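I have placed the structure first, in the form of structure tokens, so that the comments after it can refer back to it.
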Amino acid sequence: MQTLSTNIAATDYVRSCPRPLGLVPTMGALHEGHLALVRRAREENATVVASIFVNPTQFGPQEDLATYPRDMERDLALLEAEGVNLVYAPSPEEVYPPGFDTWVEPGALAERLEGAVRPGHFRGVATVVTKLLNVVTPDRAYFGQKDGQQLAVIRQLARDLNLGVEVVAVPTVRDADGLALSSRNTYLTPEQRAAAPVIYRALSEAGNLWLGGEGNAATLRSAVRCILEAEPLIEAIDYVSVADATSLLELVRVDGPAMVSTAVRMGRTRLIDNMVVGGG
Ligand code: PAF
């Protein structure tokens, strides 16, 4: 496995790699969710590239950029064991050199849900993903369904800017108790970790109601909210959404693929999760 940290070296390396080439963009602190992306990429491509870059421009000023978990040595060992060909791990200066001032600004899709609570977040994501795609030139790029809105924004980015990459969605990986894996789960205290699967139970309740014939989106939202509000360790609920799975516009009735999603705060940790109901 090669590890490279400059744009030029990475672009040069991939030029001679067998195709198709799959890219798994990550911010490191890898867990089984990331490894599921890598395994899928390994199955579908002759060459697999993973990137590790904690992207400063997608963090707000009050967010956890400084404390975001980092463990390059462990990440490299995990990626090597999965048969990754190249790890591209640039420095912040390599990605954003002095004078950098061109941004990819996603549209309305990025203003809802996470975008409303984290202004500028998806501008940072869209900009760095575009740059990673330009450096690595993959045929396919792999993203987790766990960040459902990010996935929708990146799909639209690839389509709108003719990026020529197939965006592949990989299902969320959960712990046995239902908590979606996230690098930020390491921030949880043991008590918060024990309480956190309530998020999955709340989303599952919406799924079960829908399977039982309940199509009223407001009823599904209330059912999720009611379960979350009963957990004292949840200090705030940023949103509970039942939205069209593509446009992320809030629905009145669920009669096609819908994303039921939520973001909650437990102490210093913000957790997001979603579940798609109604097919798709
Ligand atoms: O999902 C992530 O880890 C990040 O948002 C991504 C896609 C690697 C961009 O920094």
Side-chain angles (χ1 to χ4, degrees), residues 5 7 10 22-38 40-41 48-60 63-72 74-76 78-79 84 86-96 100 103-106 109-110 113-115 117-136 138 140-158 161 163 165-173 180-187 259 261 263 269-274:
S5 59
N7 303 328
L23 170 66
V24 181
T26 82
M27 297 207 300
L30 302 181
H31 51 64
E32 281 296 319
H34 297 109
L35 299 184
L37 305 182
V38 172
R40 176 82 178 270
V48 176
V49 178
S51 61
I52 299 179
F53 180 61
V54 182
N55 175 34
T57 65
Q58 69 188 75
F59 289 77
E63 293 181 2
D64 56 343
L65 173 62
T67 56
Y68 194 83
R70 290 163 169 89
D71 192 342
M72 187 59 87
R74 178 176 170 278
D75 289 348
L76 292 179
L78 288 169
L79 294 172
V84 166
L86 167 66
V87 176
Y88 169 52
S91 65
E93 297 72 33
E94 181 72 6
V95 178
Y96 300 110
F100 177 91
W103 299 91
V104 179
E105 187 73 66
L109 192 55
L113 306 174
E114 287 300 289
V117 184
R118 306 180 69 190
H121 169 67
F122 287 117
R123 177 202 211 225
V125 170
T127 301
V128 82
V129 167
T130 305
K131 288 186 60 107
L132 293 170
L133 294 173
N134 285 336
V135 170
V136 178
R140 302 190 179 99
Y142 294 79
F143 298 90
Q145 176 63 47
K146 152 85 167 45
D147 296 304
Q149 185 176 13
Q150 169 172 282
L151 182 62
V153 167
I154 291 170
R155 277 191 199 290
Q156 175 147 17
L157 164 73
L161 298 189
L163 295 181
V165 67
E166 181 190 342
V167 175
V168 182
V170 178
T172 303
V173 178
L181 297 192
S182 161
S183 305
R184 289 185 169 102
N185 290 354
T186 56
Y187 298 156
M259 188 172 87
S261 65
T269 314
R270 189 166 179 278
L271 297 172
I272 63 169
D273 200 354
N274 71 82

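The model shown is predicted, which means the values in this text are computed figures rather than measured ones. Position 1 is the first residue of the sequence; numbering continues from there. We count ligands from 1, going down the list as the structure has it; atoms in each ligand are counted the same way. No hydrogens, no waters, no symmetry mates; every other heavy atom, side chains included, goes into these values.
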Tyr68 and Asn55: CA distance, side-chain angles, deciding distance, side-chain hydrogen bond (donor to acceptor under 3.5 Å, both in side chains) verdict = CA-CA 10 Å; Tyr68 194 83; Asn55 175 34; over 6 Å; no
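- Taking a cutoff of 4.0 Å between a charged side-chain nitrogen and a carboxylate oxygen, Asp273 and Lys146 do not qualify as a salt bridge.
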Would you mind writing out a table of all protein N or O atoms found under 3.5 Å from any N or O atom of ligand 1, naming both atoms and giving the distance to 0.1 Å?
from: ligand 1; atom 1: 1 (O); to: Gln150; atom 2: NE2; distance (Å): 2.8
from: ligand 1; atom 1: 5 (O); to: Gln58; atom 2: NE2; distance (Å): 2.9
from: ligand 1; atom 1: 5 (O); to: Gln150; atom 2: OE1; distance (Å): 2.7
from: ligand 1; atom 1: 10 (O); to: Gln58; atom 2: OE1; distance (Å): 2.6

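- Ring centers of Phe53 and Tyr88: at least 6.0 Å apart, outside the cut-off.
- Residues forming a ring-ring contact (aromatic ring centres under 6.0 Å, His included) with Tyr187 (at least two apart in sequence, or on another chain): none.
- Taking the salt bridge (charged side-chain N to carboxylate O under 4.0 Å, His left out) definition, one finds that Arg270 meets it with Glu114, Asp238, sequence neighbours left out.
- Contacts of Glu105 classified as salt bridge (charged side-chain N to carboxylate O under 4.0 Å, His left out), with partners at least two apart in sequence or in another chain: Arg123.
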